Structure formats: structure tokens, C-alpha cells
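Taking it in order: structure first as C-alpha cells, then the write-up.
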There are 2 protein chains.
Amino acid sequence: MKSTEKAPTRRSRAVAAKRAAILNAALEFFSQYGIHGTSLDKVAERADISKTNLLYYYPSKEALYLAVLKEILEVWLAPLRALCHDQQPLEAIKQYIRMKLEVSRDNPQASRLFCLEMLQGAPLLKKELEGELKALVDEKAAVIENWVAQGRLASVQPHHLIFMLWATTQHYADFATQVEAITGQTLNDKAFFQQTVENVSRIVLEGIRVR
Amino acid sequence: MKSTEKAPTRRSRAVAAKRAAILNAALEFFSQYGIHGTSLDKVAERADISKTNLLYYYPSKEALYLAVLKEILEVWLAPLRALCHDQQPLEAIKQYIRMKLEVSRDNPQASRLFCLEMLQGAPLLKKELEGELKALVDEKAAVIENWVAQGRLASVQPHHLIFMLWATTQHYADFATQVEAITGQTLNDKAFFQQTVENVSRIVLEGIRVR
DNA sequence: GTCTATAATATGATAGAC
DNA sequence: GTCTATCATATTATAGAC
């Protein structure tokens, strides 16, 4: 009886659910306290299993951390992947801002963990940064550069524009505490979310519109 | 013989130098690995004293961490403090961007530690955020609002503009690893620094210029 | 002020029964 | 797959001599 078949059995479904529960619990703690500030005890407790059992599914703390990182990288990249050369430039960027702010609202932990990893010099993501991410950014930078060359966008260096979009949209997740301390609101307030999309879009779009 | 006098003796100078060395070493580690990822052993070693001796100057790890935080908060806030109502709006903002990028270049660790603390929900800075920082931001937001009301700046909600400035300028410190992975450069490259100032300024200033 | 123990504890990981 | 020990280690902090 091979256990490598693809069809989900009752057991494999249960296993998958457990893995997901662990990853979820882990993200919660890692994204707030980092890998060092998080104990396997707490993660296990949140995932409602024993620590030993957790170590059965993920053989070490670092393995667990890495699994979480891999998972969130895709969430984080999705909005940029959606940026496409056959859109209207300003429309494309506006849509990007909205999508990324949605990530900041719906998945702030992913954003924060990514930020945490970056702050530490991305010891575990460096390869992905220099490989997959760089390739993606180069591709999208070329799209933007083309728009500029065609006179459909003001003259900007694509990288800096991309950084500004990343930074500004992430800020509402990573610095949510500060945003809330100052404005009294969060992206979960519908009006505040809308207001944020509009203000960010307006400044950036006016800033790169051709005139 | 009272030791409370203000005049710096040979001894008090030596003590001050030691405290500074400790704070420096601590910032280095805290800003990269966080409070949990940093051991007093390493800090002491970097400051070139024994761990016991370190604990003589700062009675606990948390006390040390707090001392470091307090110190960097001022560095971080300085550029915003400089923003003044009697400047030309666009000039003022341009100068702010340059100053903050200088902090990101010359003091990236301060920026990173601040970011780290924020990611964790600012457990130790919450009071300052809601008090001192909020007051400062409210004051500067009023300045910006006035410029808008006078028709000297396009219509923006000051808070969102301030967040964008913070986020964009910090990004080059906090995400330096990513910036370098993608562009191959850092703010220490003179040309790249200049390029960054210009690109960020151009987008933002065009974005909020009155027309 | 600085040092040498050393206490006290947290926590990652493994062994081995079931 | 899951559990009960248990090991091994790192690390904060203190006591007390000098």
C-alpha cells in the first residue's frame, strides 16, 4: 500500500488540516515575536497539539519557520504578479495599490513576518530574493520602463517607484500600531480603508502622470 | 564627597563612555535580532566588558533595551521636528525626504529597531506613541492642513502623506537587504543616494503640487 | 566597579513505550 | 502518530569576594 498516491484519503486530509493548523499558529507568533521570541510550546498550544507532536510534523523550529516563510512569500508577491503590460499604466498601478492594501488588511501577519525577515538581513530568503524575486521585479520594472519610454508615464526609475509602492502599502500592516495610535483607526474600518486607497493612489498617480 | 555634581570628572567621563559603548553594542544586536534574539553575552563581548559588568550598568536586559529605544526615538523623530510652517511647502517636504533618507543611510539601525518594536505592537513605546509622538504628528499635520487650505498644496489628508513619507524613506533602511538584492546598491553609494532622493522627491512633490 | 561562581529557568530536541 | 519522560544547553540574573 503506497502512501504516495495523490487521492486524499481521510487520513491525509486530517494530516493536511493539522499541518495547516500548525502553520497558522506559527505565523501568528513568528510574525509578532520573530523566530527567537517564539517558543514551540506556545505554537503547539495554539495549534492544540503537544510540542512533541509538533516536532513530528516539523522536525525543527527552523524547518517550521521556513515552511511559514515559503507560504507567505506567495501571498506577498501576488499583487506584483498581477501587474501587466497590457493594462493602462495608471489603472494598473491603482489596482496594484488596492490589492496590496487588501493584503495589508486581510493578511497583516504575512506582511509583518516578511518585514521581520528582511530586517534581519533575510538569512533564509536571500536566495529567493536574488533569484525569483529579482527576476519578477526585473520583469515588472521593464513593463514600467516601457510605459515611460512610450510617454504614457512620467519619467521615473522603475525600482524606486516599486519600492515606494511596497513601502507605502506595507506600512499600514507593519506599522499598524502606530497608524492606530495616531489616527485611531485601522484598515478594518471600511471608511478608513477607502480613504487610504484614495489618498495613496492620488499622490502616486498624480506624481507619475504625464502632463 | 557628593557624586551628584554636574562637572564631569575623569571617572564620570569614563562611566559615560562605557554606557555609550554598551548602548552602541546593544543597538547593533537588538536592531538586527530583536530583544529575544540577542544575548547579553554577545552585547557584553561587543562592548568589550564582562556580562556581569554590563548588568552593573543596566540592571536587566529589558532596562537596556528600553534605554536603547529611548535614545533612537529622538534620532527617528528629528526630521519631522524640523518641518516648519514658515517654509515653502514643497521645499519643506523635499528637505524632510532628504533628512529622513540621511537617517536611513547614516543610522539604519535606529530605523530598524524602531520598526522591530512597531511590528511587535510597540509594547514599550505605546505610551510615547500615544503621547509625545501623536502630539508632534498632530502639530505637523495641522501645518500641512494649513498649506492645503491656503491652496499651496493639493488636497491630501496629512496623515496619509506623513505615512507615505515615513514608509518610503524608512524602506531603504529596513529593507536594505531587499533593495540591495534587487538594485545591487545601497544608500552608501553616493550616486544611488542622490538618485533615490530625486526619484522619491519627484514623485511625491508632483503628487501634491497644486496645478 | 569588577570578578568568579552559581542559582534558576526556559526551551529545543530526542528516546522509547504504546 | 502520539505520548511520557528526559537530556542538553543557553541564558538571565544574583551572591559575594576583592
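Computed from a prediction, not measured in an experiment: that's the story for all the values here. Computed from heavy atoms alone, side chains included, the values below leave out hydrogens, waters and symmetry copies. Proteins come first, then strands; the chains are lettered A, B, ... in the order of their sequence lines, and each starts at number 1.
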Base, sugar-phosphate alone, or nothing: which one does B:K42 contact when heavy atoms must sit under 4.0 Å apart? nothing
Which part of the nucleic acid, if any, lies within contact of B:L55, taking any heavy atom under 4.0 Å across all strands shown: a base, the sugar-phosphate backbone alone, or nothing? base
Identify whether any heavy atom of B:T52 sits under 4.0 Å from a base atom; if not, whether one sits that close to sugar-phosphate; answer base, sugar-phosphate or nothing. base
Looking at B:Y56, does any N or O in its side chain come under 4.0 Å of the phosphate oxygens OP1/OP2 on C:dT2? no
Think B:K51 has a side-chain N or O under 4.0 angstrom from the OP1 or OP2 of C:dT4? no
Salt bridge check, A:K70 against A:E132: does any charged N sit closer than 4.0 Å to a carboxylate O? no
Do any N or O atoms from the side chain of A:K61 and from the backbone of A:I35 form a donor-acceptor pair under 3.5 angstrom? yes
Can you tell me which nucleotide in D:dA13, D:dT2, C:dC3 comes closest to the side chain of B:N53? C:dC3
Distance test, side-chain N/O of A:S50 to OP1/OP2 of D:dT2, below 4.0 Å: no
Tell me whether the rings of B:H171 and A:F163 are parallel (<30°), tilted (30 to 60°) or perpendicular (>60°). tilted
Side chain of A:S39, heavy atoms from C-beta onward: which of C:dC3, C:dT11, D:dA13 has the nearest atom to it? C:dT11
Can you tell me which nucleotide in D:dG1, D:dA13, D:dT11 comes closest to the side chain of A:V15? D:dG1
Positive for ring pair (Phe, Tyr, Trp, His ring centres under 6.0 Å) with A:W166, one of A:W76, A:F114, A:Y96: A:W76
